[in-house]
Structures are given as C-alpha cells and as structure tokens.
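Got a structure here, written out as structure tokens. Questions coming.
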Amino acid sequence: MRLANKTALVTGAASGMGAATARLFAREGAKVAVADMLEEDGRAVAAAITAAGGTAQFVKLDVAEEDQWEAAIAAVTGAWGGLDVLVNNAGISGSATNNLYDTALWDRIMAVNARGVFLGVKHAVAAMRLRGGGSIVNLSSISGNVGQERIHCAYNASKAAVRLLTKSVAVQEGPAKIRLNTVHPGLMPPMRTSGATADPVFRAKMLGHVPLARSGEVDEVAYAILFLASDESSYMTGSELHVDGGYLAS
Ligand code: NAD
C-alpha cells in the first residue's frame, strides 16, 4: 500500500491516464477524488473503484473555473480531513484542427492546460499547507519539451508552461514540504480530443522516433505518477519524469 492513509484528487479522471491513475491510487490505499467535467464517465470510474473495495468520490470540475476548484478541494477536505496528493492530469489536445493559428483555440487550450493547472496548484497548496506538506504531480508531455508537426502551438506552449510553473512553485514551496514534479508522456493512446495525431499514418511516423518502438500504455504513466505522489520520491521536487519510450533522448 504505497499511498496508505493518503487522500488524492486526480483531474481528468473520467478516462485515459487519469482514470488509470485513480484506479491505481485506490489499489495502493488512497482515498481518491475522481474529478472531471464528464459526469457519467467520472461517476462510473468512482463506482468501479468502490465496487473493487476502494474509497472514491466523483467531483464535478471544470479545471478552468476557479470557483469549481474551491468547491472540489472543499469536497475532499470536508469528506476526508485534508489533501495529500493532487494530480493535474486534465487536458485537451492541440491536434483537433487544421487551423494551427486559430486564436480561439489558443485561448481554450491555455485556459484548460495551463490556467487549469495553475488554479489547481494554487488551491491545493493552500490545503496542503494546513496538512504540513503534500505532493503535486502535473502532466506535461514530450510536447512541453520539443515542437511537433500537426499540433497547435498552444499545446506545446501550455505543456511548457506546466513544466516551468511546476519548477517555480517547487522552489517556493519547498520549505512548506510541498513537492511538485512533472510527468511527460510520449506516444500514448489518442486523447478524446485528438485529431490529426490520432491518424494511423502520423502515428506510424511518430513511432519511428521512439527507441522502444511502440506506444505507451496508460498504466505505464500511472506508475510514474504513483512514484512521484508517494513518499518514495520524498527527495524529488521540481523534476521531470519522461515516460516516452526514449523519444526525448533520441
Ligand atoms: P483523455 O482525453 O483520454 O482524458 C482527458 C480527460 O480530461 C478527459 O476525461 C476529459 O473529460 C478531461 N478534461 C478535459 N478538459 C477538462 C476540463 N476543462 N476540466 C476537467 N476535466 C477536463 O486524454 P489522456 O490521453 O488521458 O491525457 C491525459 C493528460 O496527459 C493530458 O493532460 C494530456 O495532455 C497528457 N498527454 C497525453 C498524451 C497522449 O498521447 N494521449 C501524451 C502526452 C501527454
């Protein structure tokens, strides 16, 4: 039980890597808040965790809305006495359009992927200070380190913002024993909002740049998040964990 007696909130936990992370956290002993905009799918993830003997609650949350963050954190601290772990995983893709200079899309991607993470960090830090510390894991991407074809530049910019926001707050909150790190997945199953990057021809081309020569699986990212969330990583803050089959090394 690597997260025994911990409480955790995972955003974007209705599907993909967020759902895998919520399920893994519960198996490792955490009480888990499954937070997402998608109510039906999010409730199903929480119900499956409970049916398997874990502890979970669904929390409706649009990460771009600050008042919803206040309510989400209050739901966790009210039910379980405090917050130990936040995983800022919710995100939208930058590959759903052919117009790579769409201004409205720039605003929406930055609102969810960058502002959403900032708001989560802001409100989790306040709760974790009351707890005497905590761990925040933010989902960046290989797209936060390098540029790519067919992806709106806001996606890369937002994931790079996550990377440096994480380091900045890690430096400032170290004395409060609040650790922040990023996880950078590589070629994974497509997101709900993926467009061009879900195309098999594009994916085959991307695979040519992956030394391990395959896509990743959601649990392979969830285990990296688990390590950074747990006390096993107690001397790590401000760091980047690449879960990308070697993409950024090549
Ligand atoms: P996904 O589309 O399967 O899941 C994303 C979840 O976030 C969904 O459940 C969605 O409803 C939720 N969400 C979107 N906007 C939201 C909002 N405003 N408020 C609350 N929830 C919201 O995607 P995924 O592949 O599981 O991606 C998870 C994270 O990993 C994202 O941050 C993504 O950018 C990042 N990532 C994905 C890949 C990939 O190839 N799939 C690669 C690198 C990084």
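Numbering of ligands and ligand atoms starts at 1, following listing order. Everything numeric here is computed off the predicted structure, so don't read it as measured data.
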Requested in this report: Identify, for atom 5 (C) of ligand 1, the protein heavy atom at the shortest distance, and state residue, atom and that distance.
Outcome: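 Result: G91 O, 3.9 Å.
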Query raised in the report: Is the Y247 ring parallel, tilted or perpendicular to the H209 ring (thresholds 30°, 60°)?
Result: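 Judged by the thresholds at 30° and 60°, the geometry between Y247 and H209 is perpendicular.
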Query raised in the report: Does a sphere of radius 6.0 Å around CG in D67 hold more than 12 heavy atoms from other residues, nucleotides or ligands, not counting ones at 6.0 Å or beyond?
Result: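 Yes, the 6.0 Å shell around CG holds more than 12 heavy atoms from other groups.
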Query raised in the report: Got a sec: does the NZ of K177 have more than 12 other heavy atoms crowding it under 6.0 Å?
Result: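 Check fails, neighbour count at 12 or below.
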Query - Proximity to ligand 1 by part of P189, non-hydrogen separation under 4.0 Å - result: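 For P189, the contact with ligand 1 is made by the backbone alone.
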Requested in this report: Looking only at distances, please establish whether an N/O atom of ligand 1 is found under 3.5 Å from an N/O atom of S141.
Outcome: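 S141 vs ligand 1: no N/O contact under 3.5 Å.
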**Report entry** Neighbour count above 12 (heavy atom, 6.0 Å) for N5 CG
**Finding:**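 No, the 6.0 Å shell around CG holds no more than 12 heavy atoms from other groups.
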Query raised in the report: Heavy atom under 4.0 Å from ligand 1: found in D62's side chain, backbone, both, or neither?
Result: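 Both backbone and side chain of D62 come within 4.0 Å of ligand 1.
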Query raised in the report: Around Y223, counting heavy atoms of other residues, nucleotides and ligands shown, do more than 12 lie under 6.0 Å from its OH?
Result: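 No, because the 6.0 Å sphere around OH of Y223 holds 12 heavy atoms or fewer from other groups.
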Query - Close N or O approach (Y155, ligand 1; < 3.5 Å) - result: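 Checking ligand 1 against Y155, an N or O pair does fall under 3.5 Å apart.
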Query raised in the report: If you measure every N/O of S140 against every N/O of ligand 1, is any gap under 3.5 Å?
Result: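 No: no nitrogen or oxygen of S140 is under 3.5 Å from one in ligand 1.
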Query raised in the report: Should the proximity of K159 to ligand 1, defined as any heavy atom under 4.0 Å, be assigned to the side chain, the backbone, both, or neither?
Result: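 For K159, only side-chain atoms sit under 4.0 Å from ligand 1.
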Requested in this report: Using heavy-atom distances, let me know which of N89, D36, L139 sits nearest atom 29 (C) of ligand 1.
Outcome: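 Looking at heavy atoms only, the winner is N89.
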Report task. Among all protein heavy atoms, pick the one closest to atom 38 (C) of ligand 1 and tell me residue, atom and distance. Result ->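 Protein heavy atom with the smallest distance to atom 38 (C) of ligand 1: M17 CE, 3.7 Å.
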